[in-house]
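Comments concern the structure below.
Since this is a predicted model, take the numbers as computed values, not measurements. Quick note on labels: first sequence line is chain A, next is B, and so on, each numbered from 1.
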Protein chains: 2
Amino acid sequence: MNKQTEILNYINKKLNSEGHAPSVREIATAVNLKSTSSVQYHLDNLVKKGHLSKKANLSRSISNNKKITNFKTIPVIGEISAGTPLLAEENKVGEIPILEEKYSKDLFALKVNGDSMIEAGIHDGDIVVIDKNIEPKNGDIGAFMINDTEATIKYLDSISGKKYLIPANKNYKNYEINENTQPVGKVVSLFRDI
Amino acid sequence: MNKQTEILNYINKKLNSEGHAPSVREIATAVNLKSTSSVQYHLDNLVKKGHLSKKANLSRSISNNKKITNFKTIPVIGEISAGTPLLAEENKVGEIPILEEKYSKDLFALKVNGDSMIEAGIHDGDIVVIDKNIEPKNGDIGAFMINDTEATIKYLDSISGKKYLIPANKNYKNYEINENTQPVGKVVSLFRDI
DNA sequence: CATAATTTAGAACATATGTTCGAAAAAAAA
DNA sequence: TTTTTTTTCGAACATATGTTCTAAATTATG
């Protein structure tokens, strides 16, 4: 490996592991160069080639030029235990990445339990992303809390004036919405490990 | 906002925008403190509380303690044009995030075209992640190239000794594997926007 | 109000660090 | 080989930067 890429790799490694850039002298030691000016020589080239950025006369100001795609994570909620608020830490079973541009504070994810929505292509164990900021409308798939103890994913629709939670599975019955049914948000996307 | 969180926010902002930590004096200026020792005072507290890490006597060595969930992206491939290599840039229609721990070089994603796998819960427009390093076995859902011009997602299975690509849709027929059929990889996960 | 705890200030110090320059060494080209 | 280009070295320099200490100012507490 040539010295230049060796230096670049070392810098990237350190940026990642230490959270800050190495000094010129640290680089020199790491890549077996006796003189700091040798390192400068390569740093100049790496900057010219656009691989790195650095600021003049500034300690440890080297940074990586590569475009960073930014993500945020949203919590994945598993079983809801009675009484525990939906997003309580104890319900959390994981995190999933969301592109920053799609991210909003009102997103969270729910691990699907059961096959009541299988005809909508939502399987047991799938993770659905829910936007609390969007109230599910007729025809939408939404997340609903029933009696504050159970979260369920169902179609929402009206049948002869009454509102129902409608499963996508012939083996399950419609559930008429009552005062114990609270809409949580709209299902906006889905993840599955196969 | 109190001084401590003001400092913490400034540091995080700078780490993000500049790629390296600010100096103590830069912090002082930014949060309107006249003395560097005032900043030190708060830095010490932030370190004690576990919000930051820093190394003694080291310039710009402040780093953020929060666990960084690392992601990588894999390319999403759209329509395959005849002759063009599968992963060619011109076939790319986007990127999706993958947790670093799940990431491998051999992952890519394919936008599903059509509803031939709808009974397996894979819909038109879904994005499936394919691991090129795993050769699909009987019973697996795999990605296959047909005649180097078309990528398709199907079940793989044997029927009376012959290997078939089997759709999950009664309206489609099984396709017997021949010399023009190349396995690309196994489908390992799925994304859907609803 | 008096007292204690917290926060800020100022100055001085030690040094880690980037930079520069000329020359030597090594590698590549002619 | 000779010439040119690339790479490395060593030393010296200027300064950006973290640190410490004491005292003052501010805020909280009784």
Applying side chain to side chain donor-acceptor pair (under 3.5 Å), name anything that partners A:Thr29, two or more places apart in sequence or on another chain. none
Residue set satisfying side-chain contact (heavy atoms from CB on, under 4.5 Å) with A:Asn147, at least two apart, ordered chain then number -> A:Thr149, A:Asn180
Any donor-acceptor pair under 3.5 Å from B:Asp140 side chain to B:Gly142 backbone: no
Do side-chain atoms of A:Ser61 reach the backbone of A:Lys55 as a donor and acceptor pair under 3.5 angstrom? yes
Linking directly or through intermediates, with side-chain heavy atoms under 4.5 Å: list the remaining ILVMFWY members grouped with A:Tyr172, chain and number order. none
B/S/- contact track for nucleotides 3-15 of chain C, protein heavy atom under 4.0 Å: ---SBBBBB----
As a check of understanding: the bend across the helix from C:dC1-D:dG30 to C:dA30-D:dT1, end axes from five pairs, rounded to 10 degrees, works out to 40°
Pull out every protein N or O sitting under 3.5 Å from an N or O of nucleotides 24-28 of chain D, one pair per line with the distance.
none

Does OP1 or OP2 of D:dT17 have a side-chain N or O of B:Lys55 closer than 4.0 Å? no
How long is the line joining CG of A:Leu58 and P of C:dA16, in whole Å? 18 Å
Which atom pairs, donor and acceptor, lie under 3.5 Å between side-chain atoms of residues 34-41 of chain B and protein residues at least two apart or in another chain?
residue	atom	partner	partner atom	Å
B:Ser35	OG	B:Ser37	N	3.0
B:Ser35	OG	B:Ser37	OG	2.8

Could you check how far CG of A:Leu43 sits from C1' of C:dT19, rounded to whole Å? 12 Å
Report the distance from atom CZ of B:Arg60 to atom P of C:dG18, rounded to the nearest whole Å. 10 Å
Taking salt bridge (charged side-chain N to carboxylate O under 4.0 Å, His left out) as the test, write out the residues that go with B:Lys162, two or more places apart. none
Can you check the B:Ile27 CD1 to D:dG18 C1' distance for me, whole Å? 11 Å
Between A:Asn57 (CG) and D:dT17 (P), how many Å, whole number? 9 Å
Under the side-chain contact (heavy atoms from CB on, under 4.5 Å) test, residues paired with A:Asp124 that sit two or more places apart: A:Asn113
C:dT19 P sits how many Å from A:Gln40 CD, rounded? 5 Å
Could you pull out all residues at least two apart from B:Asp126 that satisfy salt bridge (charged side-chain N to carboxylate O under 4.0 Å, His left out)? B:Arg192
Using whole Å, report how far NZ of A:Lys48 lies from C1' of D:dT7. 14 Å
Using the test salt bridge (charged side-chain N to carboxylate O under 4.0 Å, His left out), find all partners of A:Lys170 that sit at least two apart in sequence or belong to another chain. A:Glu119
List the residues meeting salt bridge (charged side-chain N to carboxylate O under 4.0 Å, His left out) with A:Lys14, not counting sequence neighbours, and say none if there are none. A:Glu18
Just the rounded figure in Å: distance from C1' of C:dT17 to CD1 of A:Ile11. 14 Å
